Student: 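First, the structure itself, so that you have it in front of you.
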Amino acid sequence: MKGSSILSALALASISAAQTPEGFTPVVEQKLEVTFGTKSVTPGLAFAKTETSRQPTIGLSLPPNGTYLWMMIDLDASTNFVNPKQGQPATYLHTVLRDFKASGSASVDGVTTLTTTTTGPVAWFAPAPPAEQPPHPHRYTNLLWEQPANWQIPAQASQMLQSQKVGFNVPNFITAAGLSAPIAANYFNVTG
C-alpha cells in the first residue's frame, strides 16, 4: 500500500512538472516564462483574446547563453475556420520567430528576458479562436528551442511553416528542421 502511494505521488509530480498540456508531444518540463503585459502565464491559465493581442515577452530562468527559436501553436483549432463544428479537430501554427537572445541580466526573480528583431519565419499571429457553442478553450502552446549556430531553415521545414499551418505536426517539424528537443515550454487558454 505504501509503495503504491509513493508511485502515485511520483506519477502526479511528473505530470504537474510538465509545462506542456497533457497528451502533447514532446513533453517539456522547463518553464518558458511568457508574459502578456503584466500578466504572467502559468500552465493552463485562462486569458481573454484582448489580453493576448500583442506579442508576449518571453524569458528563461536558466542561464541563456545562446540563440533561440520560439513557436506558438493552437492545439484546439478546426480544419474549418468559418464553422468549426463542420471541420475536424486540428492544430494550427500561429508563430515561429528566430534569433532570440538574452536582453540584459536576470531580474530579481532570476528570469532573463529574450528578445529578437526578426519577424519570421512565421510572423506574430495573435490567438483568435472563434466563438463556439458550447464555448471551449483553445490551448496555445509555446515552445523554445536552442537554435543551432548558423542555422538556416531546411527546405522541408520551411515548406511546413508556410503551407502546413493547419494540422501542424511539431515532432515532424523538429526532425525536418534539424532541431533538438525543446528546452522550455508553457501554455495558456483562450476561449472564443
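Side chains included, hydrogens not; waters and symmetry mates left out as well; all remaining heavy atoms used. Source: prediction; values computed, not measured.
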Student: Treating Ser158 as the side-chain partner and Pro154 as the backbone partner, does any N or O pair qualify as donor plus acceptor under 3.5 Å?
Tutor: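 Not at all, since once roles are kept as given, no pair shorter than 3.5 Å links the two residues.
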Student: For the side chain of Glu51 and the backbone of Ala48, is there at least one donor-acceptor N/O pair under 3.5 Å apart?
Tutor: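 The answer is yes, because a donor-acceptor pair under 3.5 Å joins these two groups.
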Student: How many angstroms lie between atom OH of Tyr92 and atom NZ of Lys165, to the nearest 0.5 angstrom?
Tutor: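 The OH atom of Tyr92 sits 5.0 Å away from the NZ atom of Lys165.
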Student: Are Leu60 and Val34 connected in the hydrophobic side-chain network, where two residues link if heavy atoms are under 4.5 Å apart?
Tutor: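 Looking at the clustering, Val34 is in the same group as Leu60.
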Student: Would the number of heavy atoms belonging to other residues, nucleotides or ligands and lying under 6.0 Å from CD of Gln156 be above 12?
Tutor: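 No.
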Student: So, for Phe168 and Phe173, is the gap between ring centers shorter than 6.0 Å?
Tutor: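 Yes, they do, as the ring centres are separated by less than 6.0 Å.
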Student: Just by distance, do the side chain of Thr175 and the backbone of Pro171 share a donor-acceptor pair under 3.5 Å?
Tutor: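 Confirmed, Thr175 side chain pairs with Pro171 backbone.
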Student: If hydrophobic clusters are built from ILVMFWY residues whose side chains come within less than 4.5 Å, do Leu93 and Tyr140 share one?
Tutor: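 Not linked; separate clusters.
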Student: Say whether Leu75 and Val28 are linked into one hydrophobic cluster, either directly or through other cluster members, by side-chain heavy-atom distances under 4.5 angstrom.
Tutor: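 Cluster IDs for Leu75 and Val28 match.
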Student: Can you see which heavy atom on Gly167 is nearest to which on Ala90, and at what distance?
Tutor: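 Smallest heavy-atom distance, with atoms named: N-CB, 4.1 Å.
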Student: Could you check if a side-chain atom of Lys39 sits within less than 4.5 angstrom of a side-chain atom of Leu45, using non-hydrogen atoms only?
Tutor: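 When only atoms from C-beta onward are counted, Leu45 and Lys39 do touch, with a gap below 4.5 Å.
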Student: Measuring from Ile58:CD1 to Ser103:OG, what's the distance to the nearest 0.5 Å?
Tutor: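 OG of Ser103 is found 11.5 Å from CD1 of Ile58.
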Student: Rounded to the nearest 0.5 Å, what's the gap from OG1 on Thr20 to CG on Asn142? Could you check?
Tutor: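 Answer rounded to 0.5 Å: 11.5 Å.
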Student: Are Gln164 and Gln159 side-chain neighbours, meaning at least one heavy-atom pair lies under 4.5 Å?
Tutor: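 Gln164 reaches Gln159 side chain to side chain.
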Student: Compare all side-chain heavy atoms of Ser107 with those of Asp109 and state whether any distance is below 4.5 angstrom.
Tutor: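 Yes - at least one pair of side-chain heavy atoms lies under 4.5 Å apart.
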Student: If every non-hydrogen atom of Thr116 is compared with every non-hydrogen atom of Arg98, which pair is closest and at what distance?
Tutor: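 Residues Thr116 and Arg98, closest heavy atoms: OG1-O, 2.7 Å.
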Student: Mind listing the closest non-hydrogen atom pair of Leu114 and Pro64 along with its distance?
Tutor: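 So the minimum-distance heavy-atom pair works out to CD2-CB, 4.0 Å.
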Student: Begin from the C-alpha positions of Thr67 and Glu146 and carry the test side-chain contact (heavy atoms from CB on, under 4.5 Å) through to its verdict.
Tutor: CA-CA 6 Å; Thr67 304; Glu146 290 179 328; over 6 Å; no
Student: To check you understand the geometry: which heavy-atom pair defines the closest contact between Thr52 and Pro127, and what is its length?
Tutor: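 Heavy atoms of Thr52 and Pro127 come nearest at O-CD, 3.4 Å.
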Student: What's the spacing between Leu143 CG and Ile73 CD1 if we round to 0.5 Å?
Tutor: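 Answer rounded to 0.5 Å: 7.5 Å.
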Student: Please assess Met72 against Phe125 for the test side-chain contact (heavy atoms from CB on, under 4.5 Å), listing each intermediate value before the final yes or no.
Tutor: CA-CA 9 Å; Met72 186 176 77; Phe125 179 60; over 6 Å; no
Student: Test of understanding: clusters of I, L, V, M, F, W, Y form through side-chain heavy atoms closer than 4.5 Å, transitively. Do Trp145 and Leu62 belong to the same one?
Tutor: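 No, Trp145 and Leu62 fall in different hydrophobic clusters.
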Student: Does a salt bridge link Glu33 with Lys31, judged by any charged N lying under 4.0 Å from a carboxylate O?
Tutor: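 Yes, charged N to carboxylate O under 4.0 Å.
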Student: If I compare all heavy atoms of Thr79 with all of Gly87, which pair ends up nearest, and what's the gap?
Tutor: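 Reported closest heavy-atom pair: OG1-CA, 3.4 Å.
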Student: Between Asp74 and Thr91, is any pair of side-chain heavy atoms under 4.5 Å apart?
Tutor: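 No. Closest side-chain heavy atoms not under 4.5 Å.
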Student: Can you give the donor-acceptor pairs under 3.5 Å from side chains of residues 128-135 to other protein atoms, not counting sequence neighbours?
Tutor:
{"from": "Glu132", "atom 1": "OE1", "to": "His136", "atom 2": "ND1", "distance (Å)": "3.2"}
{"from": "Glu132", "atom 1": "OE1", "to": "His138", "atom 2": "NE2", "distance (Å)": "3.0"}

Student: Can you tell me how far CG of Asp76 sits from CZ of Arg139, rounded to the nearest 0.5 angstrom?
Tutor: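 These two atoms lie 4.0 Å from each other.
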Student: Which atom pairs, donor and acceptor, lie under 3.5 Å between side-chain atoms of residues 176-191 and protein residues at least two apart or in another chain?
Tutor:
{"from": "Asn186", "atom 1": "ND2", "to": "Leu32", "atom 2": "O", "distance (Å)": "2.9"}
{"from": "Asn186", "atom 1": "ND2", "to": "Val41", "atom 2": "O", "distance (Å)": "3.2"}
{"from": "Asn189", "atom 1": "ND2", "to": "Gly44", "atom 2": "O", "distance (Å)": "3.0"}

Student: Give a yes or no on whether Ile174 and Trp151 share a hydrophobic cluster (residues Ile, Leu, Val, Met, Phe, Trp, Tyr; joining criterion: side-chain heavy atoms under 4.5 Å apart).
Tutor: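 Yes; Trp151 is reachable from Ile174 via cluster members.
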Student: With respect to Pro121, which candidate in Thr95, Leu161, Leu97 satisfies the side-chain contact (heavy atoms from CB on, under 4.5 Å) definition?
Tutor: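 By the side-chain contact (heavy atoms from CB on, under 4.5 Å) criterion, Pro121 pairs with just one of Thr95, Leu161, Leu97: Leu161.
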Student: Looking only at non-hydrogen atoms, find the nearest pair between Ser61 and Gln30 and report the distance.
Tutor: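 So the two residues come closest at OG-NE2, 3.3 Å.
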Student: About how many Å separate CG of Asn172 and CE of Met160, when rounded to the nearest 0.5 Å?
Tutor: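 CG of Asn172 is found 5.0 Å from CE of Met160.
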Student: Any side-chain heavy-atom pair from Val170 and Met71 closer than 4.5 angstrom?
Tutor: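 Yes, side chains in contact.
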Student: Are the side chains of Trp70 and Pro56 in touch, meaning some heavy atoms are under 4.5 Å apart?
Tutor: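 Result yes, sub-4.5 Å side-chain heavy-atom pair found.
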Student: Test Phe100 against Leu69 for side-chain contact (heavy atoms from CB on, under 4.5 Å), laying out the working first.
Tutor: CA-CA 6 Å; Phe100 277 90; Leu69 177 76; over 6 Å; no
Student: Within 45° of the ring axis of Tyr68 and under 6.0 Å from its six-membered ring centre, is that where the NZ or CZ of Lys101 lies?
Tutor: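 Checked: cation-pi criterion not met.
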